[in-house]
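Because the structure is a prediction, the values reported are computed rather than measured. Values reported hereafter were calculated over all heavy atoms of this structure, with side chains retained and with hydrogens, waters and symmetry mates removed.
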Amino acid sequence: QVQLVESGGGLVQAGGSLRLSCAASGRTFSSYAMGWFRQPPGKEREFVAAIGWSGGSTDYADSVKGRFTISRDNSKNTVYLQMDRLKPEDTAVYYCAGRSSHFESSSLNEYDYWGQGTQVTVSS
């Protein structure tokens with residue numbers, strides 16, 4: 001069983017930056033692929049970014065490519081999402097997710113564990 005706890009959300013002006021963190025419990029974190037998803041107000045949850053078990057492979061949604069960076073530190077059981085050049089349309093609840101596989105996926109249905117979410121609000 002893996003428990004995930006996100007932190008780092010908040011209110012930021014457009015063009016600003018935030019770094020989200022997701023701390024995972026459990027000894028098997030390093031064997032899991034991890035992902036970030038978000039749910040904008042009134043919309044469905046959507047893929048943002050994902051990273052493989054070693055950190056050597058990543059995937060991004062087109063809407064965040066070049067602005068967001070996902071990374072992980074297996075020694076700290078933590079995955080990060082660095083968000084730069086934020087836009088008002090990035091406003092959402094951001095969720096961390098873990099997948100019982102070495103390999104990342106953009107499909108939320110392929111993730112087994114979810115955090116409680118952290119709110120990110122970008123003002124114009």
Side-chain angles (χ1 to χ4, degrees):
Q1 189 75 6
V2 175
Q3 291 186 327
L4 306 173
V5 179
E6 302 98 333
S7 62
L11 174 64
V12 64
Q13 288 189 331
S17 298
L18 281 175
R19 188 174 84 153
L20 304 183
S21 299
C22 173
S25 65
R27 300 179 182 177
T28 57
F29 173 79
S30 61
S31 66
Y32 284 69
M34 300 295 295
W36 286 97
F37 293 78
R38 67 187 181 187
Q39 188 161 12
K43 297 184 179 180
E44 295 188 350
R45 197 171 298 189
E46 63 184 23
F47 171 70
V48 175
I51 189 166
W53 67 284
S54 68
S57 60
T58 58
D59 189 19
Y60 295 93
D62 288 344
S63 59
V64 307
K65 204 169 291 184
R67 300 188 298 122
F68 290 11
T69 304
I70 188 171
S71 62
R72 66 190 297 162
D73 185 340
N74 287 344
S75 69
K76 296 181 178 179
N77 279 15
T78 302
V79 62
Y80 305 97
L81 185 68
Q82 177 67 42
M83 305 186 294
D84 298 318
R85 292 185 283 141
L86 282 160
K87 304 175 181 180
E89 51 263 44
D90 294 319
T91 294
V93 177
Y94 282 71
Y95 296 90
C96 172
R99 181 172 188 237
S100 303
S101 167
H102 282 359
F103 306 107
E104 70 276 16
S105 170
S106 62
S107 173
L108 63 86
N109 293 325
E110 295 187 0
Y111 285 81
D112 304 294
Y113 305 102
W114 292 85
Q116 81 289 350
T118 186
Q119 177 71 46
V120 171
T121 302
V122 184
S123 62
S124 57

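Rounded to the nearest 0.5 angstrom, W53 CH2 and F103 CZ are separated by 8.5 Å. Atom-to-atom distance recorded for S30:OG and D73:CG is 11.0 Å, nearest 0.5 angstrom. Note that CD of Q39 and CD of E44 are 8.0 Å apart. Values are rounded to the nearest 0.5 Å. Note that NE2 of H102 and OG of S31 are 6.5 Å apart. Values are rounded to the nearest 0.5 Å. Considering OG of S101 and CG of D112, their distance stands at 9.0 Å, rounded to 0.5 Å. Of the inter-residue distances, the one linking S124 atom OG with K87 atom NZ reads 14.0 Å to the nearest 0.5 angstrom.
By the 4.0 Å N-to-carboxylate-O rule, K65 lies close enough to D62 to be salt-bridged with it.
Of all non-hydrogen atoms in Y113 and S100, the two that sit nearest each other are CE1-OG, 3.8 Å. Across all their heavy atoms, S17 and D84 have their closest contact at OG-OD1, 2.8 Å. Across G98 and M34, no two heavy atoms sit closer than the pair CA-SD, 3.6 Å. Residues G66 and R85 share a closest heavy-atom pair of O-NH2, 2.6 Å. Residues V79 and C96 approach most closely at CG1-SG, 3.8 Å, considering heavy atoms.
Side-chain atoms of R99 do not come within 3.5 Å of backbone N or O of A33 as any donor-acceptor pair. A side-chain donor-acceptor contact under 3.5 Å links E6 to the backbone of G117.
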Query raised in the report: Do F68 and L81 pass the side-chain contact (heavy atoms from CB on, under 4.5 Å) test, and can you show the C-alpha distance, the side-chain angles, and the key distance before you say yes or no?
Result: CA-CA 7 Å; F68 290 11; L81 185 68; 4.2 Å; yes

Report task. List the steps and the verdict of side-chain contact (heavy atoms from CB on, under 4.5 Å) for V2 and T28. Result -> CA-CA 8 Å; V2 175; T28 57; 4.3 Å; yes

Requested in this report: Dump the intermediate steps for side-chain contact (heavy atoms from CB on, under 4.5 Å) on M83 and R67, then the final yes or no.
Outcome: CA-CA 6 Å; M83 305 186 294; R67 300 188 298 122; over 6 Å; no

Report task. Could you give me the CA-CA distance, side-chain angles and deciding distance for L11 and Q119, then say whether side-chain contact (heavy atoms from CB on, under 4.5 Å) is met? Result -> CA-CA 8 Å; L11 174 64; Q119 177 71 46; over 6 Å; no

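E110 and S105 share a donor-acceptor pair across their side chains, judged by distance under 3.5 Å alone. Using modelled atom types, one finds no donor on one side chain facing an acceptor on the other under 3.5 Å when comparing Q82 with S71.
Taking hydrophobic clusters as Ile, Leu, Val, Met, Phe, Trp and Tyr residues chained together by side-chain heavy-atom distances below 4.5 Å, W36 shares a cluster with I51. There is no path of hydrophobic side-chain contacts, each under 4.5 Å, that joins V64 to Y80. No single ILVMFWY cluster, assembled from side-chain heavy atoms under 4.5 Å apart, contains both F47 and Y32. Neither Y111 nor L4 shares a network with the other; the hydrophobic side chains, linked directly or stepwise wherever heavy atoms of I, L, V, M, F, W or Y lie under 4.5 Å apart, form separate groups for each. One hydrophobic cluster, built from ILVMFWY side chains closer than 4.5 Å, holds both Y94 and Y60.
In this structure, K76 and S21 have side chains that are not in contact, with every pair of non-hydrogen atoms separated by 4.5 Å or more. Between E89 and V122 the shortest side-chain heavy-atom distance does not fall below 4.5 Å.
For the pair R72 and F29, the cation sits on the ring face: its NZ or CZ lies under 6.0 Å from the ring centre, inside 45° of the axis.
Enclosure of atom CD in Q3 is not indicated, since only 12 or fewer non-hydrogen atoms of other residues, nucleotides or ligands lie within 6.0 angstrom.
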